[in-house]
Each structure stands twice: as C-alpha cells, then as structure tokens.
Amino acid sequence: MSNRTLAVTDALYDYLLAETGREPQVMRELREETMTMPRAMMLSSPEAAQFMGLLAKLMGARRCLEIGTFTGYSALAVMLALPADARLICCDIDAEVTSVARRYWEKAGIADRIDLRIGPALETLDKLLAGGGEGSFDFSFIDADKTSYDAYYERSLKLLRKGGLILIDNVLWSGSVADPKDQSASTVALRTLNRKMRDDQRIDFSLLPIGDGISLAVKR
Ligand code: SAM
Ligand code: CA
C-alpha cells in the first residue's frame with residue numbers, strides 16, 4: 001500500500017456506517033422516505049452529513065447558508081449540530097420536495113431556525129448582498145445545479161466573514177472530473193472550479209474524497 005487515500009470497499013463502507021455513524025433517528029426516517037422519491041440519489045450520504053455537522057459546530061457557525069436543499073437532510077445535519085441561536089437560510093427552486101424538508105424540520109424541532117427561500121438561488125444570494133449581507137455569514141454549503149457553482153462560490157465568498165467556511169459538494173462527480181473524455185457541462189464546470197480554487201489566494205483550500213467529494217474553503 002502507498003500513502004495515498006485508500007479505496008473504500010463495500011465492506012469497509014458498511015463498517016464505517018455501522019461503527020462510526022451517528023445518524024439521529026429523525027434523519028434516518030427522512031433518508032428512508034427520500035429513498036422512495038424520484039431523484040433520491042441527490043441525497044447527501046450519512047457520513048458526509050455527519051462530517052458537515054461537525055465542521056459547522058467546530059467553527060461555531062451561527063449564520064449559515066445552504067444552496068440546494070432538496071428534502072432537507074443536509075440542513076438537518078447542520079442545524080442539529082448547532083445551538084438554538086443558529087440560523088440557516090435555505091435556497092431551492094422546488095417547493096414540492098422542500099415541503100418534505102419542512103415536515104422533518106418541524107419533527108426535529110428546528111423549523112423556526114430555518115428560513116427557506118423558494119426561487120433561483122442566484123436571485124436569493126443577490127438579494128442578500130443587496131440587503132447588506134456582505135461579510136455576515138459564517139458558513140455556506142453549495143449543493144445545487146453544478147453549472148452555477150462558480151457563481152454560488154463567488155456570492156458565498158462575498159457573503160462570508162473572514163474565516164468563514166464554504167463547503168462544496170459533488171466536486172469529484174462520481175470520478176468523472178478525472179475523465180478527459182467527459183466534456184458534459186456539469187463535469188467541465190466542476191473541473192474548472194476545482195482548479196480555480198486550488199489557485200485561489202482568497203481562500204485556504206482542501207478537497208476531501210468523502211461522499212462524492214467535498215471541497216472546503218476558508219475565506220482569508
Ligand atoms: N443538499 C441536499 C442534501 O444533501 O440532501 C441535496 C440538494 S440536491 C443535490 C440539489 C437541489 O438544488 C435540488 O433540490 C434542486 O431543486 C435545487 N436547485 C437546482 N437548481 C437550483 C437553482 N437554480 N436555485 C435553487 N435551487 C436549485
Ligand atoms: Ca450533493
């Protein structure tokens with residue numbers, strides 16, 4: 001074995017979930033319901049969600065953003081990790097799937113801490129900026145349409161305070177970023193953003209191969 005990141009076999013992945021997973025009951029129920037819905041593959045993996053909650057807690061986040069909410073699983077992971085005075089603004093265009101999110105947030109007793117804004121995320125972010133939101137957020141999770149990721153990243157950088165954390169999901173895109181033959185719009189957008197972030201002196205940066213790949217950027 002070399003000292004590269006290890007390949008996670010099915011057996012090792014099962015071990016990881018069974019022996020290190022701490023998924024709360026309400027999140028398990030939400031995950032199980034989401035798995036019966038169309039586009040269930042958009043759901044974050046339990047270990048990635050657990051990690052996100054830990055990061056949000058570690059940095060003492062209070063004002064949080066989520067771009068791409070779906071059935072609310074990642075939002076739940078972050079808000080269950082944070083104290084009662086934390087707030088999250090969720091952006092999504094889909095009122096139907098996010099009605100599932102609201103139901104589970106109610107069940108978890110955190111619905112009053114989440115402000116769900118239905119509409120194109122870019123519009124919501126630009127409204128926050130126009131309303132004086134620059135530099136006022138601690139944490140941003142980007143997980144919506146991949147071709148707009150760069151725009152979400154740039155808006156998030158503005159909205160975050162110095163030391164704030166941006167998490168970007170699916171940055172390895174099932175490995176397709178490393179396949180030069182794949183020139184689909186989403187793959188090219190992710191590949192371009194990954195390189196841009198590597199060279200971006202406005203942030204400290206690390207890409208972790210957890211879930212489908214998560215980038216961490218801390219605003220300098
Ligand atoms: N964060 C969720 C989780 O971990 O379970 C998954 C989010 S899912 C991958 C992406 C979501 O982005 C979908 O619910 C979709 O409706 C939303 N979306 C797509 N395009 C959008 C846009 N332009 N503005 C806001 N939301 C968008
Ligand atoms: Ca995702």
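Values below: every heavy atom of this structure, side chains too, minus hydrogens, waters and symmetry copies. When a ligand or atom number is given, it counts from 1 through the structure's own listing order.
Pairs of residues two or more places apart, or lying in two chains, that qualify as side-chain hydrogen bond (donor to acceptor under 3.5 Å, both in side chains) and include a residue from residues 73-86 are Glu23-Tyr73, Arg62-Asp85, Glu66-Ser74.
For a distance threshold of 3.0 Å, the protein N, O or S atoms nearer than that to the Ca ion (ligand 2), listed by chain and number, are Asp143 OD1, Asp143 OD2, Asp169 OD2, Asn170 OD1.
Salt-bridge check for Arg198 with Asp200: failed, with every basic side-chain N at 4.0 Å or more from each acidic carboxylate O.
For the residue pair Lys146 and Tyr149, a side-chain donor N or O sits within less than 3.5 Å of a side-chain acceptor on the partner.
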*Given Glu134 and Arg155, is the salt bridge (Lys or Arg N to Asp or Glu O under 4.0 Å) satisfied, shown in steps?*
CA-CA 9 Å; Glu134 190 159 342; Arg155 292 331 183 264; over 6 Å; no

Starting from the N and O atoms of ligand 1, find every protein N or O within less than 3.5 Å and list the pair with its distance.
from	atom 1	to	atom 2	distance (Å)
ligand 1	1 (N)	Gly68	O	2.9
ligand 1	1 (N)	Ser74	OG	2.8
ligand 1	1 (N)	Asp143	OD2	2.8
ligand 1	4 (O)	Ser44	N	3.4
ligand 1	4 (O)	Ser44	OG	2.5
ligand 1	4 (O)	Ser74	OG	3.1
ligand 1	4 (O)	Asp143	OD2	3.4
ligand 1	5 (O)	Ser44	N	3.4
ligand 1	14 (O)	Phe70	N	3.3
ligand 1	14 (O)	Asp92	OD1	3.4
ligand 1	14 (O)	Asp92	OD2	2.7
ligand 1	16 (O)	Asp92	OD1	2.7
ligand 1	20 (N)	Asp145	OD1	3.3
ligand 1	23 (N)	Asp145	OD1	3.4
ligand 1	23 (N)	Tyr152	OH	3.4
ligand 1	24 (N)	Ala121	N	2.9
ligand 1	26 (N)	Ile93	N	3.3

Identify every side-chain donor-acceptor pair in residues 88-96 under 3.5 Å, counting partners at least two apart or on other chains, and give the distances.
from	atom 1	to	atom 2	distance (Å)
Asp92	OD1	Asp94	N	2.9
Asp92	OD2	Thr69	N	2.9
Asp92	OD2	Phe70	N	3.0
Asp94	OD1	Glu96	N	2.9
Asp94	OD1	Val97	N	3.1
Asp94	OD2	Arg39	NH2	3.0

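Not a single donor-acceptor pair under 3.5 Å links the side chain of Arg220 to the backbone N or O of Gly163.
The one candidate from Arg103, Lys107, Arg28 that meets the salt bridge (Lys or Arg N to Asp or Glu O under 4.0 Å) condition with Glu33 is Arg103.
Going from atom CD1 of Ile142 over to atom CD1 of Ile166 covers 5.5 Å, rounded to the nearest 0.5 Å.
In this structure, Lys127 places its NZ atom where only 12 or fewer heavy-atom neighbours from other residues, nucleotides or ligands lie under 6.0 Å away.
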